Protein chains: 2
Amino acid sequence: MNGELSERRRLILKLVIQEYIDGSVPIASELLVRKYGLAVSSATIRSELAALEELGYLTHLHTSAGRVPTDAGYRFFVENLMDRTALTLTEQRMIRHQFHQVRTELDQWIQLAGAVLARTAQNASVVTAPRAYQARFKHLELISIHETTVLLVLVLHDGTIRQQTIVCDVVRPQDELSRLAARLNDRWADGTVERIRDGVHDRDVSDALEVHVTDVVIRSMEWFEDQLNSGIHSDGLMEVLSQPEFAKVARIRQIVEILQGGRGLGPLIPRALASDGVQVVIGGEHGHDDMREYSVVLTRYGIDGEVAGVVGVIGPTRMAYPRAISAVRYIANIMSDLLGVFYNGENTRY
Amino acid sequence: MNGELSERRRLILKLVIQEYIDGSVPIASELLVRKYGLAVSSATIRSELAALEELGYLTHLHTSAGRVPTDAGYRFFVENLMDRTALTLTEQRMIRHQFHQVRTELDQWIQLAGAVLARTAQNASVVTAPRAYQARFKHLELISIHETTVLLVLVLHDGTIRQQTIVCDVVRPQDELSRLAARLNDRWADGTVERIRDGVHDRDVSDALEVHVTDVVIRSMEWFEDQLNSGIHSDGLMEVLSQPEFAKVARIRQIVEILQGGRGLGPLIPRALASDGVQVVIGGEHGHDDMREYSVVLTRYGIDGEVAGVVGVIGPTRMAYPRAISAVRYIANIMSDLLGVFYNGENTRY
DNA sequence: GGTTGGCACTCACACACTGCAAGTGCCAAC
DNA sequence: GTTGGCACTTGCAGTGTGTGAGTGCCAACC
C-alpha cells in the first residue's frame with residue numbers, strides 16, 4: 001500500500017489533495033509546477049497525474065478539467081501522506097480555557113465539545129453523552145411536588161439523571177417518601193437492572209408506591225441500555241454550510257437530514273465505541289448511499305471499562321483531515337480528562 | 001380597520017391571500033374569476049386588485065405579475081378575514097396519543113411539542129421549557145460519586161434539575177453528605193435566592209463543603225433567573241425547508257441562523273410570556289431586519305402565576321396562519337394540562 | 001526511458017438573443 | 001360600475017456562441 005508509489009508520485013498526490021482540500025477547485029498540472037516550483041514541466045506532471053488516475057487515486061470530471069481526489073485517494077492520503085499536525089498551542093489553550101469555565105456541568109461539556117469541534121474543524125460535529133457500558137443504580141430521590149404528585153429523580157452510576165413524575169392515589173408526606181427512598185437506595189446500591197429485577201421476585205411488596213417506583217426505575221434503566229447508541233447531539237450546521245459543497249439546495253437538505261435524523265450516522269457510533277484511536281470513514285466507504293459524499297472522523301472518549309462516549313466531525317469528503325483528526329483527538333482527550341475528574345476525583349479542587 | 005373595505009374587496013383580498021398561501025404563486029385576476037366562479041369579469045377584479053394595492057394590502061413584483069400580499073395584507077387577513085379553524089378531531093386524537101405515551105418526562109414533552117408543532121404547521125417550531133417566574137429552592141441531594149467527588153443535584157420548584165460535580169479536599173462519606181443535604185433542605189425549603197443569600201450572612205458557617213454547596217446553589221439559581229429568556233429549543237428545520245421560499249441558499253442560511261442563534265427570536269419570548277392569547281408577528285412588524293421575511297406565531301403555556309413557557313411556529317410570511325394558530329393554541333393547551341398534572345396532581349393516576 | 005514543447009481537442013461557463021406566456025393597465029363602449 | 005379589447009411589460013426557458021482552462025498525444029530531444 002506504500003511502496004507501490006514512487007516518491008515523486010506520492011509528492012504529487014499529496015500536493016493535489018492538499019490543494020484541493022483548501023481550494024475546492026480541481027487541480028491543474030500547470031498550477032502544481034508554478035506554485036511549488038517543481039523541477040519538471042507540466043507535461044511530465046500530466047503524465048504522472050494520468051498514472052495516478054489509472055491507479056484510482058484521482059479523477060477528473062471532464063477532459064479539460066483539473067484533477068480531483070477519489071475516495072481511494074483520500075484514503076491513501078490519510079493513511080500514508082498527510083502531515084500529522086496538532087492544534088497550535090494557542091488554540092489548545094483557548095479550548096482548555098473554555099472547558100475550564102463550564103467545568104461543573106456534564107450537559108455543558110457535551111454542548112461545548114460540539115461547538116468547539118465544529119468551529120475548529122469548520123464542519124459539523126457529532127457528540128454522544130458518556131454512557132456506562134451497563135446501567136448501574138446509584139441513587140434515587142422522591143420529592144413531593146404537590147399533594148399526590150411525586151418527582152422521582154434517578155441518578156445512574158455514570159452521572160446520567162432521569163426525572164419522572166409519579167401520581168399517587170393517596171397523599172404521601174415528604175418524610176414518608178424520604179424513608180422509602182432511603183430504603184431503596186440501600187437495597188439497590190450499585191445494582192444492575194438484573195439484580196433489581198430479580199429482587200422484586202424475592203420479596204413480597206405490598207406498598208403501591210414502592211411497586212410503581214420499582215417499575216419506573218427498572219424501565220428507565222432498561223430504556224437507558226437500549227438507548228446506548230442514540231442520543232446523538234450535533235452542532236455546527238452553520239459551519240459545514242460554509243463549505244462550498246453546499247452551494248446547491250439539494251446538498252443542504254441532505255446534510256440537514258443526516259444531522260437531524262442521524263440516518264447513516266447511527267451505525268458508526270457503536271463501531272467507534274468498540275475501537276481504539278480515531279476512525280476515519282470516507283465517502284463510499286460508508287456503504288450507505290446517502291453518505292457517499294461525506295466523511296466522518298470519529299473517536300471514543302471516556303474511561304476504559306467504565307464509561308464512554310463518542311465525539312466526531314462530519315463534512316464533505318473534501319475535508320481537512322489532518323486538522324479534523326487532531327481536533328477530534330484533542331477534544332476526546334479533554335472529555336476523557338473531565339470524566340476522569342468526575343469518576344476518580346483527580347486534579348481540581350475548590 | 002374593518003368597515004373600510006366593501007364586502008367584495010374583503011372577499012377578493014381573502015381569496016388572494018388564501019390562494020397565495022397555499023400555492024406560493026402570485027395570483028392573477030383571471031384565476032380568481034375562473035376558480036371561484038365570480039359573477040364579474042377579470043377586468044373588474046383587476047380594478048379591485050389595483051384598489052387593494054392602493055390601500056397597501058397587496059403588491060406585485062412587476063407589471064405582468066399577479067398579486068402578492070404585503071405584511072399589512074396578512075395582518076388584515078389574520079385580524080379580520082381568516083376562518084378560525086381548529087385541527088381536525090383525528091389530528092387532535094393523534095397528538096394527544098403521542099403525548100400520552102411520553103407522559104412522565106418533562107424534556108420529552110418539550111421535544112415532542114416541537115416535533116408535533118413543526119409537522120402540523122409545516123414550519124419550524126420554537127419551544128422554551130416551562131420556567132417558574134422566580135427560582136424557588138425545592139430540594140438538593142449530595143451523592144458521593146468517588147472518594148472526594150460529590151454530585152450535587154439541585155431540584156427547583158418548577159421541576160428544573162441541575163447537576164454539578166464538586167470536588168472536596170477530604171473524603172466525605174455518604175451519610176455525612178446526606179446529613180448535610182437534609183439540614184440544607186430543611187433550612188432552604190421553598191426559599192428564593194434572596195432568602196438563601198441573606199441566610200448566609202446570618203450564620204457563621206465553618207464547613208468548607210457547606211460553604212461551597214451554598215455558593216453553587218446560589219449561583220445556579222441566579223443563573224436560572226438570568227436564563228429565563230434563553231434556552232430556546234427549535235425543531236422542524238426540515239419542514240420549513242420544504243417551503244418553496246427556501247429554494248435559494250442565502251435564504252436557507254438565514255433561517256438556520258435565526259433558529260440556531262435565536263437572533264431575532266429572543267425579544268419575542270418575554271413579550272409572549274407577558275401576554276395572553278396567541279401572538280402573531282408578521283414580517284416587517286418585527287422591526288428587525290433579519291426577520292423581515294418571517295412570521296412568528298407564539299403563545300404562552302403554563303399555569304398562571306406559577307410557571308410558564310412559550311411554544312410557537314416560525315416560517316416565511318406566506319404562512320398558513322389559521323392552521324399555525326390553531327396548532328400552536330392546541331399544543332399550548334396540552335402543555336398547560338400536563339403541567340397542571342405536574343403541579344396540582346390532577347387527572348391521571350397509576 | 002524519461003522529459004519536453006507544441007498543438008489539437010474538449011468541455012463548462014458566461015453571455016446575449018430570442019420567442020413565448022402570463023398578466024396587467026388603460027380605454028372606449030355599454 | 002362593468003366589460004371586452006388590446007398594447008405593453010416582464011420573467012423565463014431555450015438556443016447559440018465565444019472564451020478560457022486544461023488535458024492528451026506526439027514527435028523530438030537528452
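Nothing here was measured: the structure is a model prediction, and the numbers come from that model. Every chain is numbered from 1 and lettered A, B, ... according to where its sequence line falls, protein lines coming before strand lines.
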Handout entry: Any residue of residues 36-51 of chain B with a heavy atom less than 4.0 Å from an atom of DNA chain D
Key = A39(B), V40(B), S41(B), A43(B), T44(B), R46(B)

Practice task
Could you list all the salt bridge (Lys or Arg N to Asp or Glu O under 4.0 Å) pairs where at least one residue sits in residues 60-73 of chain B, not counting sequence neighbours?
Solution key: E53(B)-R67(B)

Practice task
Please report the closest heavy-atom contact between E19(A) and I27(A), naming both atoms and the distance.
Solution key: CB-CD1, 3.5 Å

Completion exercise
When every non-hydrogen atom of S326(B) is compared with those of A86(B), the smallest separation belongs to CB-CA, 3.9 Å

Problem - Smallest separation among heavy atoms of L52(A) and R9(A), with atom names - result: CD1-O, 3.9 Å

Exercise for the section: Show the numbers, then the answer: is there a side-chain contact (heavy atoms from CB on, under 4.5 Å) between S125(A) and I314(A)? Expected result: CA-CA 6 Å; S125(A) 61; I314(A) 172 169; over 6 Å; no

Provide a list of protein-nucleic acid N or O atom pairs under 3.5 angstrom, restricted to nucleotides 12-17 of chain D.
none

Practice task
Please examine the side chains of R323(A) and L87(A), heavy atoms only from C-beta on, and report whether any two atoms are closer than 4.5 Å.
Solution key: yes

Problem - DNA chain D contacts made by residues 59-68 of chain B, counting heavy atoms under 4.0 Å - result: H62(B), T63(B), S64(B)

Problem - Y330(B) side chain to E91(B) side chain, donor-acceptor N/O pair below 3.5 angstrom - result: no

Exercise for the section: Return the orientation label for the Y57(A) and F76(A) ring planes: parallel under 30°, perpendicular over 60°, tilted otherwise. Expected result: tilted

Exercise for the section: Could you go through the side-chain contact (heavy atoms from CB on, under 4.5 Å) check for V249(A) and F246(B) one step at a time? Expected result: CA-CA 8 Å; V249(A) 178; F246(B) 300 96; over 6 Å; no

Fill in the blank from the handout: For D83(B), the salt bridge (Lys or Arg N to Asp or Glu O under 4.0 Å) test, sequence neighbours excluded, returns K14(B)

Practice task
Considering non-hydrogen atoms only, spot the tightest contact between M82(A) and I325(A) and give its length.
Solution key: CE-CD1, 3.4 Å

Problem - salt bridge (Lys or Arg N to Asp or Glu O under 4.0 Å) partners of residues 249-259 of chain A, not counting sequence neighbours, each pair once - result: R251(A)-E293(A)

Practice task
To the nearest 10°, let me know how far the axis at one end of the helix from dG1(C)-dC30(D) to dC30(C)-dG1(D) is tilted from the axis at the other, five pairs an end.
Solution key: 20°

Practice task
Check whether any side-chain heavy atom of L268(B) lies under 4.5 Å from a side-chain heavy atom of H286(B), and answer yes or no.
Solution key: yes

Handout entry: Partner of V311(B) by side-chain contact (heavy atoms from CB on, under 4.5 Å), out of L298(B), V127(B), V297(B), T128(B)
Key = V127(B)

Exercise for the section: Scan side-chain atoms only and decide if E79(B) and Y74(B) contain a donor-acceptor pair under the 3.5 Å cut-off. Expected result: no

Exercise for the section: Would you name the heavy atoms of V33(B) and V40(B) that are closest together and state the gap between them? Expected result: CG1-O, 3.6 Å

Problem - Counterpart residues, salt bridge (Lys or Arg N to Asp or Glu O under 4.0 Å), relative to R292(B) (two or more places apart) - result: D289(B)

Handout entry: DNA chain C contacts among residues 23-35 of chain A, heavy-atom distance under 4.0 Å
Key = none

Practice task
Locate the shortest heavy-atom distance separating Y20(B) from V25(B); write the atom from each residue and the value.
Solution key: CD1-O, 3.2 Å

Sequence neighbours left out, cut at 3.5 Å: what donor-acceptor pairs do the side chains of residues 234-243 of chain A make with other protein atoms?
from: S242(A); atom 1: OG; to: E239(A); atom 2: O; distance (Å): 2.6
from: Q243(A); atom 1: OE1; to: R318(A); atom 2: NH2; distance (Å): 2.9
from: Q243(A); atom 1: NE2; to: Q122(A); atom 2: O; distance (Å): 2.7

Exercise for the section: With a 4.0 angstrom cut-off to heavy atoms of chain A, pull out the first and last contacting nucleotide of DNA chain C, in 5'-to-3' order. Expected result: dT3(C) to dA12(C)

Handout entry: Selection: residues 243-253 of chain A, any non-hydrogen atom under 4.0 Å of DNA chain D
Key = none

Practice task
Say whether Y321(A) and Q18(A), considering side chains only, have a donor N or O and an acceptor N or O under 3.5 Å apart.
Solution key: no

